[in-house]
Trainee: 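One structure follows; several queries about it will come next.
Start at 1 and go down the list; that is how both ligands and their atoms are numbered. Just the heavy atoms: all of them, side chains too, but no hydrogens, waters or symmetry mates, feed the values below.
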Amino acid sequence: MQILVVGGAGYIGSHMAKWLVNDGHEVVVLDNLSTGHATAARYGRFVTGDLANRAGLESLFARHTFAAVMHFGAFSQVAESMADPARYYANNVANTLNLLEVMHAHDAPVLVFSSTAAVYGEPETVSLREDHPLRPINPYGRSKRMVEEILEDYGKAYGLRWAALRYFNAAGADPDGELGEQHDPETHLIPIILQVAAGKRSELALYGDDYDTPDGTCIRDYVHVLDLCAAHVRAMEHLLAGGVSRAWNLGNGSGFSVAEVLSVARSVTGKEIPARVMPRRPGDPARLVADSAAARQLLGWETQFAELETIIHHAWYWERRRR
Ligand code: UFG
């Protein structure tokens, strides 16, 4: 099958392209390299291009018959979205609309879309199911929720078959050490901790230890990037087989506090990893844990790398290789 991976030079998209090529698919990676890296686009045919360029998209779709599109190409930093919402709505919403219009014009019927736990906003339950209220509290989460709503309308009116995959905390790296997380600036907990372990940073700024959690630090549901890729394949196959279009949560269902992540990272790396407690980071909920029963039961999604030790071990292997 020909599959388009938008944002395939980014963290999750690059792992996806590798997976699909290894599965025997013909992959085209489209990425504008605004946050992705040409060195990460190692699998498939790499096309440098921007979703804002409608003519470029038209020409790409005229040259290929994509059985499915996977769309990872978005900005994803909460704080940045609060400082510069226009950038988020333009790229995450308006540019996605360009993609949808071109897909519609070229009869490309299947889209697997990268959504986020940020569509829920402040959690009202211990773990989040897909029917939890959707009240995003920042422009990033709102931009993703807006696209989900557009997908619902495109599905009803034009027959688009879609899956919105709501990732919790994507983490880990390609076990081969070939691909991994490389954001600039890096804001995510595990890569930052590992940069401290590698001597690239002096200490971890631990944002708040006075939350209403057992050890006072925030709890998150870390899910391995390859398990996210596995879910994309399941969702794509489900849609190609005529399955229902909907949103799916992707997480392991177990929460780890920042202090626990730090402790596991110290044991995996054998490094001291100094940390200093700092004030809370605005917009951080105390606890975000997925209920992914739907993806497990209805898509048959199974996680292969659910252990936090494994996730950190793979991320550490990548961090050391890229030094
Ligand atoms: N943290 C620190 N120090 C750091 C970085 C993070 O203490 O240097 C803490 C954060 O305060 C938070 C936890 O580690 O409690 C995890 O933070 P991340 O930045 O790694 O991840 P988030 O949970 O903030 O973000 C993730 C996704 C977003 C998504 C969000 C949903 O990366 O895309 O979940 O709320 F929007």
Trainee: Which class fits the ring pair Tyr88 and Tyr140: parallel under 30°, tilted 30 to 60°, perpendicular over 60°?
Mentor: perpendicular
Trainee: Any idea which protein heavy atom is nearest atom 20 (O) of ligand 1, and the distance to it?
Mentor: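 Here the nearest protein heavy atom works out to Leu189 N, 2.8 Å.
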Trainee: Return yes when Tyr211 approaches ligand 1 closer than 4.0 angstrom through a heavy atom, no otherwise.
Mentor: no
Trainee: Side-chain contact, heavy-atom cut-off 4.5 Å: Met16 with Val233?
Mentor: yes
Trainee: Under 6.0 Å from the CD atom of Glu309, do we count more than 12 heavy atoms belonging to anything else shown?
Mentor: yes
Trainee: For ligand 1, which atoms, with element, lie under 4.0 Å from some heavy atom of Ile192?
Mentor: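 Going through ligand 1 atom by atom, the ones under 4.0 Å from Ile192 are 8 (O).
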Trainee: Nearest heavy atom to atom 22 (P) of ligand 1: which of Leu262, Asn169, Val119 does it belong to?
Mentor: Asn169
Trainee: CG of Asp131: more than 12 outside heavy atoms within 6.0 angstrom?
Mentor: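 Yes, because the 6.0 Å sphere around CG of Asp131 holds more than 12 heavy atoms from other groups.
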Trainee: Starting from atom 13 (C) of ligand 1, locate the nearest protein heavy atom and write down its residue, its atom name and how far away it is, to 0.1 Å.
Mentor: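 So the nearest neighbour among protein heavy atoms is Val258 CG2, 3.9 Å.
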Trainee: If only atom types and distance count, is the side chain of Arg287 paired as donor or acceptor with the main-chain N or O of Val126 below 3.5 Å?
Mentor: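 Flag set: sc Arg287 to bb Val126 pair under 3.5 Å.
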Trainee: Could you tell me the residue and atom name of the protein heavy atom closest to atom 23 (O) of ligand 1, and the distance to it rounded to 0.1 Å?
Mentor: Arg220 NE, 2.7 Å
Trainee: Under 4.0 Å from a heavy atom of Thr116: which atoms of ligand 1 are those, numbered in the order shown and with their elements?
Mentor: 29 (C), 36 (F)
Trainee: Could you list the atoms of ligand 1 found under 4.0 angstrom from a heavy atom of Cys218?
Mentor: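 By the 4.0 Å cutoff, the relevant atoms are 15 (O).
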Trainee: Can you figure out which of Phe168, Phe256, Tyr207, Tyr222 has its heavy atom closest to atom 2 (C) of ligand 1?
Mentor: Tyr207
Trainee: Do other residues, nucleotides or ligands put more than 12 heavy atoms under 6.0 Å from Arg276 CZ?
Mentor: no
Trainee: Does the distance from a Lys or Arg side-chain N to an Asp or Glu carboxylate O, for Asp210 and Arg280, drop under 4.0 Å?
Mentor: yes
Trainee: Look at atom 27 (C) of ligand 1 and say which protein heavy atom is nearest, naming residue and atom and giving the distance to 0.1 Å.
Mentor: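 In this structure, atom 27 (C) of ligand 1 has His188 NE2, 4.2 Å as its nearest protein heavy atom.
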Trainee: What verdict does the side-chain contact (heavy atoms from CB on, under 4.5 Å) test give for His232 and Ser114, after you've listed the backbone C-alpha separation in whole Å, the side-chain angles of each residue and the deciding distance to 0.1 Å?
Mentor: CA-CA 9 Å; His232 281 72; Ser114 301; 4.2 Å; yes
Trainee: Given Ser81, Ala205, Pro191, Ser76, which has its nearest heavy atom closest to atom 3 (N) of ligand 1?
Mentor: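 Closest candidate by heavy-atom distance is Ala205.
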Trainee: Specify the protein heavy atom at minimum distance from atom 5 (C) of ligand 1: its residue, its atom name, and the distance to 0.1 Å.
Mentor: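 Checking every protein heavy atom, the shortest distance to atom 5 (C) of ligand 1 gives Thr187 O, 3.4 Å.
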Trainee: Of the protein's non-hydrogen atoms, which lies at the shortest distance from atom 11 (O) of ligand 1, and what is that distance?
Mentor: Asp284 OD2, 2.6 Å
Trainee: Enumerate the atoms of ligand 1 whose separation from the nearest heavy atom of Ala118 is less than 4.0 angstrom.
Mentor: 31 (C), 36 (F)
Trainee: Starting from atom 36 (F) of ligand 1, find the nearest protein heavy-atom neighbour and note its residue, name and distance.
Mentor: Tyr140 CE2, 3.0 Å
Trainee: Heavy-atom distances under 4.0 Å decide this one: backbone, side chain, both or neither, for Leu204 against ligand 1?
Mentor: side chain
Trainee: By number and element, which atoms of ligand 1 are closer than 4.0 Å to a non-hydrogen atom of Leu288?
Mentor: 31 (C), 35 (O)
Trainee: More than 12 foreign heavy atoms under 6.0 Å from NE2 of His313: is that the case here?
Mentor: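 It does not: His313 NE2 has 12 such atoms or fewer within range.
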Trainee: Are Arg135 and Glu124 close enough for a salt bridge, meaning some N to O gap below 4.0 Å?
Mentor: yes
Trainee: At a 4.0 Å threshold, what atoms of ligand 1 neighbour a non-hydrogen atom of Val78?
Mentor: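 The atoms of ligand 1 under 4.0 Å from a heavy atom of Val78 are 36 (F).
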Trainee: Inspect the contact between Arg54 and Glu58 and indicate whether a charged nitrogen and a carboxylate oxygen are less than 4.0 angstrom apart.
Mentor: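 Yes.
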Trainee: Does Glu237 pair with Arg234 as a salt bridge, N-O distance under 4.0 Å?
Mentor: no
Trainee: I need the atoms of ligand 1 closer than 4.0 Å to a non-hydrogen atom of Leu206, numbered in the order shown.
Mentor: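 Matching atoms, with element in brackets: 7 (O).
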Trainee: Counting only heavy atoms closer than 4.0 Å, does ligand 1 sit against the backbone of Val261, its side chain, both, or neither?
Mentor: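 Neither part.
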Trainee: Would you say that Tyr43 contacts His25 through its side chain, given a criterion of any heavy-atom pair below 4.5 Å between the two side chains?
Mentor: no
Trainee: Judged on heavy-atom distance to atom 6 (C) of ligand 1, which of Arg281, Arg287, Lys144 sits nearest?
Mentor: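 Considering heavy atoms of Arg281, Arg287, Lys144, the nearest to atom 6 (C) of ligand 1 sits in Arg281.
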